[in-house]
Amino acid sequence: MIEVVNPEETGKRTLNFIEQIVENDLAAGKNGGRIVTRFPPEPNGYLHIGHAKAICLDFGIAKRYGGTCNLRFDDTNPVKEDVEYVDSIMEDIQWLGFQWDNLYYASDYFGQLYDFALDLIKRGLAYVDDQSAETIAQQKGTPTTPGINSPYRDRTPEENLDLFTRMQAGEFEEGSRVLRAKIDMAHSNMHFRDPLMYRILKMSHHRTGDTWNVYPLYDFAHGQCDFFEGITHSLCTLEFEVHRPLYDYFVELLKGEDNYKPRQIEFNRLNITYMVMSKRKMLQLVKEGRVAGWDDPRMPTLCGLRRRGYTPESIRNFVDSIGYTKYDGVIDVGLLEHSIREDLNKRAPRVSAVLNPIKLIVTNYPEGQVEWNATDINPEDKALGTRDVPFSRALYIERDDFMIDAPADYYRLSVGREVRLKNAYIVRCTGYETDAEGLVTTVTCEYLPETKTGQANAKHKVKGTIHYVSTSHCLDAEVRLYDRLLTVANPAEEKDRDFMDMLNPDSLTVLTHAKVEPVLAAAKTLDSFQFTRLGYFNVDPDSTSDRLIFNRTVSLKDTWGKIAGKRAQ
RNA sequence: UGUCUCAUGGUGUAAUGGUAGCACUGCAGUUUUUGGUACUGCCUGUCUUGGUUCGAAUCCAGGUGAGACAACCA
């Protein structure tokens, strides 16, 4: 019988194809019932939401089946890697809500890998090649034409042993020699055409210092590291499918009589519409200053999403909802937005904020009078209670909440029409003023005292309720609005266009004259709120007590905006 | 003229030879002191051609389309 440790945790009743494989292996008694997975990031960049998908799977499988999941930094290339990234990767994994059972580095296995290489040389299965990278590439052939053998291919094991140990001793220059597996230069799988195992790199490694002058390449490291570590299920993305036969080849030579063998399984990587998801492209955006950094709220990095206001729960729910298959598709960004709205709707306190303010003067309300009216902190969770918000004669309202010539289905302010001011009174619009350009600056209205919230006057109904802040109580704030980074849904389809030409010039809009409720003076960095009727916003790390700065995580769904938008076309 | 892989509504994902379901989106409506939320209903799908079978999204064969692979990257 299969013991499912946390079946209810995911709430899913159907298994994805990887879980099915795991359960079959368990049922067959494979590996003595052990389940060991690993998350193997290269410490050469920041984690993004695509990594989150892998993390949820690697850690999720281990958790669900009572196994273990290791964090293993794949640090085989000191040229590209840096400790700087190690810390941010660990932070992001923990922020997402996962904890590794063991922390390893591929470099922990350099000794064992080196010994295995010596063994393969002795068995006549590896040789030292003295040719240049260019020559070796030329000899590789193409997917449809076979390659040709290196002239150094038939060196004796003794000679290879001598040369390889001298490579490691530092006797040769970088690029002058490599160690290659001797397999088949005409193999239909390009990766079998005598793949490179080791190259000379005279660079200090962030963990092993100057111990090594030769470093293993991915194909000679990953599978063996999995083996050394006792990994049972090595989960990776689809592009490694063609590497699997080579993975198996090396592990087979390594494992001896043992029955145990790690199994590589590939799943589809994450693509999301209007997003850039490759490390190379993200790096370019950062380097060319098209975004403010790796944690720019427009970036799909975990630190960027965090700064944007995404919660770990919302990301986990999103990942859970998209599943794991072998179909290489593109997820609609709307699904990601839905996951954060769903989460924040339940937990974000409501506050009032006016992004594009115009004045609303309640002409029949006494000057100097202030009422503090109770309002729900979150109507989805009444247990959170209420807080008091000020109401007075002079208010700010959204520019969008007044129209000079309004259509019948516009439920907001226009001369002669009535709306409710949230948690206060119903007002009737009496007039407006404009500046020299004809832009509305002030709207006037009269309030109906008998319509105050909470009073038993159910007769008087209005279609619309709008929000406001009191001019003498509100705080100034900067609000940063974000839009999709790309103008194109699926950049992979635009084969002849550079993605830098598809950047949305309006991906960031900075509003410097927003007005917010006084209670926000106490908000802390990264706190999330719903700005009533507008969207979810959080406090940016740039924010100070003198200068409040908010990021729009995501807007609320906007039915009126949709109607108005269609009409404008 | 290679190897490997994939193909179910607009998007993603189930159905493991036996009623094509779910989520998101879209549309319509109910509720609402957020044009939010919640709730209800609706639209839309098995790439194609054969075969096996009482029965095929599922198995088999051919086609079509898409992706990955030719770094001293991972």
Side-chain angles (χ1 to χ4, degrees), chain A residues 12-16 20 40-42 44 74 76-77 79-81 106 129 132-133 136-138 140-147 174-180 187-193 196-201 215 217-219 221-222 236-245 266 268 273 279-280 321-339 341-342 345-346 350 352 375-376 379-380 409-412 419-424 426 451 453-454 461-467 489 492 530-535 555-564:
Chain A
K12 276 203 295 191
R13 48 212 76 124
T14 58
L15 267 28
N16 65 49
Q20 286 174 36
E42 184 186 16
N44 74 339
D74 214 342
T76 57
N77 187 357
V79 177
K80 288 190 174 178
E81 295 147 9
D129 196 331
S132 69
I136 289 174
Q138 277 167 16
K140 253 206 169 144
T142 71
T144 51
T145 58
E174 278 187 20
S176 63
R177 284 182 168 83
V178 290
L179 183 70
R180 300 177 72 178
H187 202 285
S188 56
N189 183 336
M190 295 289 290
H191 296 283
F192 275 76
R193 321 247 262 224
L196 274 59
M197 295 161 58
Y198 271 93
R199 78 286 219 193
I200 301 171
L201 251 30
Y215 290 90
L217 282 117
Y218 171 84
D219 281 317
H222 203 94
C236 62
T237 44
L238 249 26
E239 66 268 30
F240 291 98
E241 223 154 21
V242 220
H243 293 251
R244 185 175 2 108
E266 311 85 12
N268 57 346
T273 54
K279 267 190 208 172
R280 201 202 95 240
S321 70
I322 59 177
Y324 298 86
T325 66
K326 302 186 77 136
Y327 178 71
D328 191 19
V330 188
I331 307 287
D332 192 324
V333 68
L335 197 53
L336 179 63
E337 293 177 345
H338 171 261
S339 73
R341 283 193 188 104
E342 185 181 44
N345 177 50
K346 288 179 301 197
R350 271 61 178 177
S352 289
T375 183
D376 286 329
E380 300 294 313
D409 58 355
Y410 181 78
Y411 305 146
R412 308 177 188 182
V419 297
R420 175 170 291 281
L421 296 178
K422 191 163 173 59
N423 295 106
I426 291 175
T451 61
T453 293
K461 294 268 185 197
V462 287
K463 275 285 216 180
T465 297
I466 66 171
H467 67 282
Q530 184 195 103
F531 286 1
T532 303
R533 299 208 303 137
L534 299 175
S555 67
L556 249 31
K557 291 216 300 196
D558 181 8
T559 307
W560 171 249
K562 211 184 287 177
I563 295 166

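These numbers come from a predicted model, not from an experiment. Chain A is the first sequence line, chain B the second, and so forth, proteins listed ahead of strands; every chain is numbered from 1.
- Nucleotide B/rC73 holds its C1' atom 8 Å from the CZ atom of A/R199, rounded to whole Å.
- Put simply, A/K562 has a side-chain N or O that comes within less than 4.0 Å of OP1 or OP2 on B/rG26.
- Across all strands shown, A/T273 has no heavy atoms under 4.0 Å from either base or sugar-phosphate atoms.
- Note on A/T559: only backbone sugar-phosphate atoms sit closer than 4.0 angstrom, heavy atoms only; bases stay farther off.
- Separating the C1' atom of B/rU3 from that of B/rU44 is a span of 38 Å, rounded to the nearest Å.
- A/L556 comes within contact range of at least one nucleobase, with a heavy-atom separation under 4.0 Å.
- Among the nucleotides B/rC24, B/rU3, B/rU33, the one closest to the side chain of A/T453 is B/rU33.
- Of the possible polar contacts, one joining the A/R193 side chain to the A/H187 backbone as a donor-acceptor pair under 3.5 Å is found.
- Comparing the C1' positions of B/rA57 and B/rU16 gives an interatomic distance of 12 Å, to the nearest angstrom.
- Atom NZ of A/K326 and atom C1' of B/rC4 are 9 Å apart (whole Å).
- Look at the C1' atom in both B/rC22 and B/rA14: the space between them is 7 Å, to the nearest Å.
- Between the side chains of A/H467 and A/R533, at least one donor N or O lies within less than 3.5 Å of an accepting N or O.
- Using a 4.0 Å heavy-atom distance criterion, A/F240 is classed as a base contact.
- Salt bridge A/E266/A/K326: present, at least one basic N to carboxylate O contact under 4.0 Å.
- Checked by atom type, the side-chain pair A/T325/A/N268 shows a donor-acceptor distance below 3.5 Å.
- Residue side chain A/Y218 fails the stacking definition with respect to B/rA74, as its ring centre and the base's six-membered ring centre are not both under 5.5 angstrom apart and under 30 degrees in plane angle.
- At a threshold of 4.0 angstrom between heavy atoms, the contacts of A/V462 with the nucleic acid are absent.
- Between A/T76 and B/rA74, a side-chain N or O to OP1/OP2 separation shorter than 4.0 Å is present.
- At the heavy-atom level, A/T375 lies nowhere under 4.0 Å from the strands shown.
- As rounded to the nearest Å, B/rG67 and B/rU31 have C1' atoms that lie 47 Å from one another.
- Distance noted for atom P between B/rA15 and B/rA7: 12 Å (whole Å).
- B/rU48 and B/rC43: their C1' atoms are spaced 26 Å apart (whole Å).
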>> Give the dot-bracket line for RNA chain B from 5' end to 3' end: parentheses for intra-strand Watson-Crick or G-U pairs under 3.5 Å, square brackets for crossings, | for inter-strand pairing, dots for unpaired.
In response: .((((((..((((....[..)))).(((((.......)))))....(((((..]....))))))))))).....
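- Looking at heavy-atom distances under 4.0 Å, A/R341 makes no contact with the nucleic acid at all.
- Looking at heavy-atom distances under 4.0 Å, A/D409 makes contact with a base.
- The residue A/Q530 sits close to a base: some heavy atom pair falls under 4.0 Å.
- Test A/L179, A/L217, A/T76 against A/Y198 for side chain to side chain contact (heavy atoms under 4.5 Å, CB included) and you get one pass: A/L179.
- If you check every strand for non-hydrogen atoms under 4.0 Å, A/A137 touches sugar and phosphate atoms only.
- As judged by a 4.0 angstrom heavy-atom cut-off over every strand, A/G329 is placed among residues touching the sugar-phosphate backbone only.
- When the side-chain nitrogen and oxygen atoms of A/N77 are compared with OP1 and OP2 of B/rC73, one or more of them lie within a distance under 4.0 Å.
- Here the separation of B/rG18 from B/rA23, taken at their P atoms, is 23 Å to the nearest Å.
- Atom name P, nucleotides B/rG10 and B/rG26: the rounded distance is 15 Å, in whole Å.
- Residue contacts for A/R193: at a heavy-atom cut-off of 4.0 Å it reaches no nucleic acid atom on any strand shown.
- Across all strands shown, A/N423 has heavy atoms under 4.0 Å from base atoms, whether or not it also approaches the sugar-phosphate.
- Using a 4.0 Å heavy-atom distance criterion, A/P40 is classed as making no nucleic acid contact.
- For B/rG35, one of the phosphate oxygens OP1 or OP2 lies less than 4.0 angstrom from a side-chain nitrogen or oxygen of A/R533.
- Here the P atom of nucleotide B/rU25 and the CG atom of A/L336 are 12 Å apart, to the nearest Å.
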